[in-house]
Participant: 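Let me begin by handing over the structure; questions about it come next.
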Number of protein chains: 2
Amino acid sequence: MENRDIDGRSIKSDETLFAIIECLKRTNGAGVTELADRLDLAKSTVHKHLVALERHRYVVKEDGQYRLGLQFFTAGIHVRNQYEVYHAAKNRVDRLAAETNEAAWLIVHENGMGMFVYGVAHNEAFTFDSTIGTWVYLHANSAGKAILAHLPDEEVSSIIDRHGLPAQTENTITDRETLLDELAEVRDRGYAMNAQEDLRGLHAIASPVITDGRPVAAVTIAGAANRVTEERIEDDLSERLLEAVDDIELRLVYG
Amino acid sequence: MENRDIDGRSIKSDETLFAIIECLKRTNGAGVTELADRLDLAKSTVHKHLVALERHRYVVKEDGQYRLGLQFFTAGIHVRNQYEVYHAAKNRVDRLAAETNEAAWLIVHENGMGMFVYGVAHNEAFTFDSTIGTWVYLHANSAGKAILAHLPDEEVSSIIDRHGLPAQTENTITDRETLLDELAEVRDRGYAMNAQEDLRGLHAIASPVITDGRPVAAVTIAGAANRVTEERIEDDLSERLLEAVDDIELRLVYG
DNA sequence: CATCTCGTTTCCTGAGAGCGAACAGCACGT
DNA sequence: ACGTGCTGTTCGCTCTCAGGAAACGAGATG
């Protein structure tokens, strides 16, 4: 199925290992036979990989089903903890959500894509938990645009080249020039806006966390479009957002 | 160094892959040469594995250094989200911490070991964040004992056989019979106690979350030994703990 | 400009990844 | 009890490809 191994410079057996992991992630646990069928591999091959994974606790066997193990959680938390900005921002993001009574997020970026690393919704209508740990395009939401706006031009274009500008809703910016204009606006304004560009019904504003001239992350306030109106943003939310970001940047510098 | 590949039933190349990951975890990022030296492998070998890891975003290259990437976070959060008990318990654990003004934790177990999946310290003296995602022995803390107390006897002994009863402090129970007696007590009392058995200066109580007769997790209240006294436990904390666990068990059954 | 020291690439070789088939366990309908 | 159909696991065989050594290229350092 996924025969994108036109490589020679990486390791095939690793690719099959990752394919197994990916498959287990999608299926939330599966048997050897099912995996072998799905990935078009011999049962014995899959089995040997699973034994290796199990020995390192990346996979657990339960009732003859294999599923991903808590070792991934350990590693994942370790990676998150390496981001100083997470520790600097966490409590302040909590406070921001409490003050505004909307959802607040911390987004970091890696390799030209964004990821939600932390979020709270004091008004807990939705299970926002499912959003944490997901990748997002930088061009299609306020946090991403806040980050892009403060990256060097050549980095922005290399990101566009690599990932393109796929549309998430009919409001997504899919044109290069339009995006660059928007980024200039964001720089002037100090914060970015998201008018249902990635999720219908959702409005959001975001501002970047900058250290040593580089945007390492962005903080977002997000909420239903009817609550997060343009005037509320101008009158109240934008100010609170910028205050929060200032606090976070300060804490990044001073322990 | 770690030549424990007396296997034949698993895959050697996977073992080196995991060794690389483990090494990157410990060093918080390293170069090809450093990894090759440390693991006693050829540079080219390490490099090819890194290319594979990088393609799948499990590793990122930054300033010629490789470090673990956010894909681990994605996978880790995914694993956590598979535990229904996490979603059922999160808010209630928050409330428990707020009520008692101590730290509260959710611990799950896998393969005879426990792991902190969630925790809050309303009294935020310590950076408890570093505890999340770490493995703990079940015999050496209150949460683990709460879980063990409600597992079938044969499962308990197989766990002891597999992991032993290593001492964490001078108060750790290291004797099989003593442990089994303690577990019987825990069953009677309804909650387990931790009198500086894994961490000096720390007192804790814990009670298991049971569904379908199986303990899937445990909830803990933990705090400095001088604050979490025996009489406060009896007068107040134990009751609040058991209430919280009841609520969680209910929420596990009803949506 | 020479000299380290990185990361990356190239090439070769024999260890071992991957395969197919046989084996073992369990749960069913008879 | 006895097939029958499903699992997961193990056993050899074979030819691929993972791993090693050494060359290459790119920055940094003196």
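Just the heavy atoms: all of them, side chains too, but no hydrogens, waters or symmetry mates, feed the values below. Quick caveat, the model's predicted, so the values are computed rather than measured. Here is how names work: the chains are called A, B, and so on, in the same order as the sequence lines, proteins then strands, and each is numbered from 1.
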Participant: Check nucleotides 18-21 of chain C for protein N or O atoms closer than 3.5 Å to its own N or O atoms and list the pairs.
Facilitator:
unit_1	atom_1	unit_2	atom_2	d
dG18(C)	OP2	His49(A)	NE2	2.8
dG18(C)	N7	Lys48(A)	NZ	3.2
dC19(C)	OP2	Ala42(A)	N	2.9
dC19(C)	OP2	Thr45(A)	OG1	2.7
dC19(C)	N4	Ser44(A)	OG	3.4
dG20(C)	O6	Ser44(A)	OG	2.9

Participant: Rounding to a whole Å, what distance do you find between Glu62(B):CD and dC6(C):C1'?
Facilitator: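 To the nearest whole Å, that distance equals 18 Å.
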Participant: Does dG7(C) have OP1 or OP2 under 4.0 Å away from a side-chain N or O of His47(B)?
Facilitator: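 Negative; the distance criterion is not met.
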Participant: Has Tyr66(A) got a side-chain N or O lying under 4.0 Å from the OP1 or OP2 atom of dT9(D)?
Facilitator: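 Yes, because at least one side-chain N or O of Tyr66(A) sits under 4.0 Å from OP1 or OP2 of dT9(D).
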Participant: Quick one: do Arg176(A) and Asp161(A) make a salt bridge, cutoff under 4.0 Å?
Facilitator: yes
Participant: Has Arg80(A) got its NZ or CZ under 6.0 Å from the middle of the six-membered ring of Phe73(B), at an angle within 45 degrees of the ring axis?
Facilitator: no
Participant: What integer distance in Å separates Glu34(B):CD from dG7(C):C1'?
Facilitator: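 Checked: the CD to C1' distance equals 14 Å.
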Participant: So Arg55(A) and Asp14(B), salt bridge (charged side-chain N to carboxylate O under 4.0 Å, His left out) or not? Walk me through it.
Facilitator: CA-CA 11 Å; Arg55(A) 171 175 320 165; Asp14(B) 288 355; over 6 Å; no
Participant: Rounded off to whole Å, could you give me the CG-to-P distance for the Leu53(B) and dA18(D) pair?
Facilitator: 13 Å
Participant: Run the salt bridge (charged side-chain N to carboxylate O under 4.0 Å, His left out) test on Arg214(B) and Glu155(B) for me, step by step, so that the C-alpha distance in whole Å, both residues' side-chain angles and the decisive distance to 0.1 Å come before the verdict.
Facilitator: CA-CA 12 Å; Arg214(B) 269 194 75 82; Glu155(B) 217 164 328; 3.2 Å; yes
Participant: Nearest whole Å is fine: how far is dT8(C) C1' from Leu50(B) CG?
Facilitator: 12 Å
Participant: Just so I know, are the side chains of Thr74(B) and Lys25(A) near enough to count as touching, which here means a heavy-atom distance under 4.5 Å?
Facilitator: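 Thr74(B) reaches Lys25(A) side chain to side chain.
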Participant: For DNA chain D, just give me the dot-bracket, please: Watson-Crick or G-U, both distances below 3.5 Å, ( ) intra-strand, [ ] crossing earlier pairs, | paired with another strand, . unpaired.
Facilitator: ||||||||||||||||||||||||.|||.|
Participant: Calculate the interatomic distance between Glu54(B) atom CD and dG7(C) atom P; express it in whole Å.
Facilitator: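 For the pair Glu54(B) CD and dG7(C) P, the rounded distance is 13 Å.
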Participant: Give the rounded distance in Å between these two atoms: NZ of Lys61(B) and P of dG7(C).
Facilitator: 10 Å
Participant: So which atom in Gly190(A) and which in Ser207(A) form the shortest heavy-atom distance, rounded to 0.1 Å?
Facilitator: O-OG, 3.2 Å
Participant: Locate the shortest heavy-atom distance separating Val93(B) from Trp105(B); write the atom from each residue and the value.
Facilitator: CG1-N, 4.1 Å
Participant: Could you state the CD-C1' distance from Glu15(B) to dG19(D), rounded to the nearest angstrom?
Facilitator: 16 Å
Participant: Measure the acute angle between the ring planes of Phe18(A) and Tyr58(B), then classify it against the limits of 30° and 60° as parallel, tilted or perpendicular.
Facilitator: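 Judged by the thresholds at 30° and 60°, the geometry between Phe18(A) and Tyr58(B) is parallel.
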Participant: Roughly how far, to the nearest 0.5 Å, is CG of Leu252(B) from CG of Asp247(B)?
Facilitator: 11.5 Å
